[in-house]
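Heads up: the structure comes next, in structure tokens.
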Amino acid sequence: MYSDSQKAIIKALSKLYLWRAERGERVPIEVLEKLLDTREYSSVRDEIVDALGPLYLKMVEQGYLTSEDLEKRLNSEWGTDARHAILNVLSFVYPRMIEEKNFSPEGFMRYSLWIKENFPYEEEIFESFWDSSDPVRFVEQIKREAHQVIENGFDYNDPKKLWFAYVAVRSSGIVLTRDEFEERIGELIKFDKKNPGYWQMLFNKTKGLGVLNVSATEYENKVVEDVDGEVFDAHLYKLLGIQAEVDSFNWLLENFEGDKKLKLSNIYWNFKRNEAIREGIITDKDRFSIPFPSEMVMREELLSKKKEFYNTVFKITYDKYIGEHSERCLVLMRNLIIAESLLDEGLVRQLQSEQIDEKIEAFKSFYEDYKRHLPMAAIGVKVESIKGLTESFEQLSADVYEEIAKVKVIKVKGGEGYSLVPQGFLGVFRGRAGIMDCSFDMDRDKGYAFTRAMHEDTMYYFVYKGKELKGYVGLMKGETKDGKKVLVVDTIQSASLDGEELLTNLLKGLNELAGNLGLEGVVLPRDLDGAFNFDNDKTVKKLPVYVNGTKVKVHPQHMDSWGKFTAMFGEDQYNSIEDEKFVLLKFDTAMHTTIPMHQMEESSTGGIDLTPANMHLQTQNNGGEIKFHIDPAMLAQLRNAPGFVPVIISIKPMTDLKGFLGITTAV
């Protein structure tokens with residue numbers, strides 16, 4: 001195996017370097033550091049990091065490296081493992097430096113404060129921080145300035161402004177790497193340069209939008225004390241093992257030896273052909289041929305672009321499975337889906353969370369959302385369409401769902417309040433807003449959903465409970481086929497927003513928002529089980545406003561500009577507007593009437609119910625006069641009812657006054 005030979009080389013180098021370092025020599029650790037940035041060595045990053053840790057410590061002891069050198073390395077893009085290795089070394093170095101009075105406790109406090117805030121290294125700002133008289137105040141000032149930058153807007157050509165923008169994103173509770181930030185900003189810039197004005201539109205999104213406060217007198221509380229977190233940890237270890245097995249290529253010989261389709265050269269040929277088609281070098285109908293390098297080089301190149309590698313193998317395996325219905329093909333497809341899903345570092349971090357409720361949500365997202373992605377990208381079908389694949393996942397995840405079933409949901413009386421805060425620039429990063437969401441994916445086949453934050457029809461609200469970020473609600477201005485302007489609720493991505501009363505109140509609040517925006521109603525997707533992230537779909541399906549709604553077809557209000565995004569990034573598979581199928585919610589009349597609309601009989605002419613029991617009408621005979629006393633509140637309801645227009649159905653002569661008034665006894 002190629003990776004085995006790499007591991008042997010790294011172990012030999014680390015032993016040699018450590019031996020030389022112990023003799024007081026300055027060793028070329030840059031050789032190992034360079035390997036961290038080399039794709040060919042990505043499968044053995046752990047070994048490289050393990051080798052660098054003790055070498056760093058020796059180099060500091062020998063005086064060849066300073067703490068500042070290590071601090072700068074902390075801000076490299078080597079990944080979480082390398083960062084931890086450097087921090088571990090610093091944890092040994094700092095106490096020793098303090099003891100030797102080469103480094104003051106006050107300096108250690110300053111540095112710890114900087115690292116705690118996850119600030120990336122920026123020389124000028126870091127030096128100002130280090131020299132400041134009040135480091136705590138300086139950090140708060142940095143965060144205030146950062147939030148002013150994303151609220152007021154900034155020039156993306158200014159590196160320092162981008163640094164502040166990243167700080168604002170991280171200090172808002174959104175977890176992402178600097179690489180992820182810059183990668184996505186790059187796509188927004190690319191679009192803005194071709195279509196000027198969309199970048200600036202991000203910073204105008206919140207104008208005219210207020211905070212929505214939603215509460216309920218009864219809410220659902222999840223109790224997780226009986227759930228065994230170690231089961232989840234063991235299961236994650238199993239999943240990571242499956243990913244490692246896929247990347248090892250061992251399955252080629254163990255399960256498909258002699259197979260003409262699933263052999264390395266055919267996988268490589270398909271991989272290179274797909275690449276040539278994507279780059280426009282050939283069309284799907286053109287002949288294609290390439291020289292084949294050594295097996296080592298082929299494996300190396302495939303692993304340098306793992307998403308494309310998994311995609312290629314999945315398509316070959318699916319085509320083969322359709323013909324043979326092989327159990328081996330089914331297992332390989334399942335393993336490829338797992339391997340592709342685990343490429344998302346944010347998801348893996350949440351799967352490793354120390355908070356059991358976050359861990360549960362991450363595993364549910366993994367098995368109920370992420371597993372859809374690779375099949376849709378590779379062959380355009382859902383997991384459910386591949387016979388036996390759903391069952392294979394169910395069998396694999398049985399231990400996890402056995403623990404999830406131990407979660408108890410109890411209804412609690414008392415106020416449960418949430419604040420929904422409108423977002424502009426931060427809407428780009430909604431896929432990391434307190435809960436994992438695939439709208440953050442960098443995948444052309446899924447449409448780069450995060451870019452749609454720039455579109456003029458989209459709106460995003462972050463959900464907060466106190467100061468804790470609990471998810472987001474995705475909205476969009478849409479239009480029905482008959483020209484009615486509506487507010488599309490594309491996503492309610494928050495496990496906290498559940499319960500009939502809470503969701504009903506949320507939808508009522510959104511209905512009022514729609515009215516303030518000049519829109520005529522609120523629509524939700526018909527397919528709540530799809531990729532549109534309704535964690536509360538079971539509850540929504542029971543709500544009267546949804547059950548009694550009207551089926552409609554909806555498209556973006558600004559179709560031309562939506563088409564520009566689609567042309568550049570592909571169809572946004574995570575926005576229900578692409579599906580067009582919605583339900584127009586049916587609220588109580590004017591939100592004021594005491595009689596729910598779904599309990600009223602529909603009539604083409606309307607009318608006034610004069611039944612005495614409903615009219616609260618009192619009559620009194622005083623000296624031959626008849627006086628009518630009508631409840632003022634009821635009269636106000638009639639006056640304020642929208643669409644209340646008297647209609648004369650018929651005119652008839654009155655021959656019997658007593659009969660007309662319903663009087664059956666003598667007055």
Side-chain angles (χ1 to χ4, degrees), residues 364-365 368-370 372-373 376 380-385 420 427 430-431 433 435 437-441 446-447 449-450 452-453 455 457-461 463 471-482 484-495 497-500 502-504 506-511 513-514 517 519-559 562 565-566 570-587:
K364 286 174 67 177
S365 180
E368 296 169 18
D369 189 3
Y370 274 74
R372 302 168 182 265
H373 297 177
M376 289 301 296
V381 302
K382 295 180 179 180
V383 169
E384 295 80 6
S385 303
L420 276 68
R430 62 191 181 278
I435 191 166
D437 186 327
C438 304
S439 64
F440 202 58
D441 285 357
K446 298 166 192 167
F450 62 89
R452 300 325 195 270
H455 191 267
D457 290 339
T458 60
M459 296 174 286
Y460 298 98
Y461 279 79
V463 179
Y472 77 94
V473 174
L475 306 172
M476 188 167 182
K477 297 174 185 175
E479 186 174 329
T480 64
K481 295 295 183 183
D482 60 358
K484 182 180 290 186
K485 301 288 194 298
V486 293
L487 181 64
V488 177
V489 184
D490 170 63
T491 300
I492 303 179
Q493 175 65 310
S494 174
L497 290 178
D498 206 349
E500 292 189 34
L502 190 63
L503 280 171
T504 300
L506 169 63
L507 295 174
K508 285 180 179 180
L510 294 175
N511 190 51
L513 173 65
L517 294 171
L519 307 176
E520 298 182 48
V522 173
V523 300
L524 265 68
R526 292 186 220 170
D527 180 16
L528 293 172
D529 298 321
F532 311 133
N533 291 332
F534 281 83
D535 292 332
N536 34 39
D537 61 306
K538 292 181 177 61
T539 308
V540 173
K541 289 174 184 176
K542 297 186 293 184
L543 299 179
V545 292
Y546 185 80
V547 173
N548 298 312
T550 306
K551 290 182 180 179
V552 291
K553 288 199 170 184
V554 180
H555 57 76
Q557 284 189 21
H558 295 85
M559 284 289 288
W562 190 260
F565 282 89
T566 303
E571 186 177 283
D572 181 359
Q573 293 188 12
Y574 299 122
N575 196 310
S576 53
I577 202 75
E578 302 282 13
D579 191 45
E580 292 193 337
K581 298 174 182 176
F582 291 88
V583 173
L584 178 62
L585 303 187
K586 193 171 185 180
F587 292 95

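The analysis underlying the following values was restricted to heavy atoms, covering all of them including side chains, and did not include hydrogens, waters or symmetry mates. Since the structure is predicted, the reported quantities are computational estimates derived from the model, not experimental observations.
When all heavy atoms are compared, the tightest approach of Arg372 to Val383 is CA-CG2, 4.1 Å. The shortest non-hydrogen separation linking Asn548 to Lys586 is O-CD, 3.2 Å. Contact between Leu506 and Leu497 at its shortest, heavy atoms only, is CD2-CD1, 4.1 Å. A pairwise comparison of heavy atoms in Val523 and Val554 identifies CG2-CG2, 4.3 Å as the closest pair. Here the closest heavy-atom approach between residue Ala449 and residue Ser439 is recorded as CB-O, 3.6 Å. The nearest pair of heavy atoms linking Leu584 to Lys484 is CD2-NZ, 4.0 Å.
With hydrogens and angles disregarded, no donor-acceptor distance shorter than 3.5 Å links the side chain of His555 to the backbone of Gly478. Looking only at distances, a side-chain donor or acceptor of Thr458 sits under 3.5 Å from a matching main-chain atom of Arg452. Checking side-chain atoms of Arg430 against main-chain N and O of Gly427 turns up a donor-acceptor pair under 3.5 Å. Under the 3.5 Å distance criterion, the side-chain polar atoms of Glu578 are matched with a main-chain donor or acceptor of Asp572.
Side chains of Glu500 and Asn536 form no contact here, defined as non-hydrogen atoms less than 4.5 Å apart. Side chains of Trp562 and Gln557 form no contact here, defined as non-hydrogen atoms less than 4.5 Å apart. Taking the side chain as every heavy atom from C-beta outward, Ser365 and Tyr370 approach each other to under 4.5 Å. Side-chain contact between Ser576 and Asp527: absent, with no pair of heavy atoms (C-beta onward) separated by less than 4.5 Å. When side chains are defined from C-beta on, Leu475 does not count as touching Tyr460, because their heavy atoms never get closer than 4.5 Å. With a 4.5 Å cut-off on side-chain heavy atoms, Thr491 and Val473 do not count as touching. No side-chain heavy atom of Pro544 sits under 4.5 Å from any side-chain heavy atom of Phe587. Side chains of Leu487 and Met459 form a contact here, defined as non-hydrogen atoms less than 4.5 Å apart.
Under the side chain to side chain contact (heavy atoms under 4.5 Å, CB included) rule, Phe582 has a single partner from Val489, Val488, Val522, which is Val488. For the side chain to side chain contact (heavy atoms under 4.5 Å, CB included) criterion with Asp498, the lone passing option out of Ile492, Val540, Asp537, Thr539 is Thr539.
Here OG1 of Thr504 is found 4.5 Å from CG of Leu543. Values are rounded to the nearest 0.5 Å. Rounding to the nearest 0.5 angstrom, the gap separating the CG atom in Asp457 from the CE atom in Met476 is 5.0 Å. Interatomic distance, CZ of Arg526 versus CG of Asp579, reported as 8.0 Å (0.5 Å rounding). To the nearest 0.5 Å, atoms OH (Tyr472) and CG (Asp490) are separated by 7.0 Å.
Remark: Lys553 NZ is loosely packed, at most 12 non-hydrogen atoms of other residues, nucleotides or ligands lying under 6.0 Å away. Heavy atoms from other residues, nucleotides or ligands lying under 6.0 Å from NZ of Lys551 number 12 at most.
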Where do His373 and Tyr574 land on the ring pair (Phe, Tyr, Trp, His ring centres under 6.0 Å) test, with the steps shown first?
-> CA-CA 11 Å; His373 297 177; Tyr574 299 122; 5.5 Å; yes
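We find that Glu479 and Lys485 are joined by a salt bridge, their nearest charged nitrogen and carboxylate oxygen being less than 4.0 Å apart.
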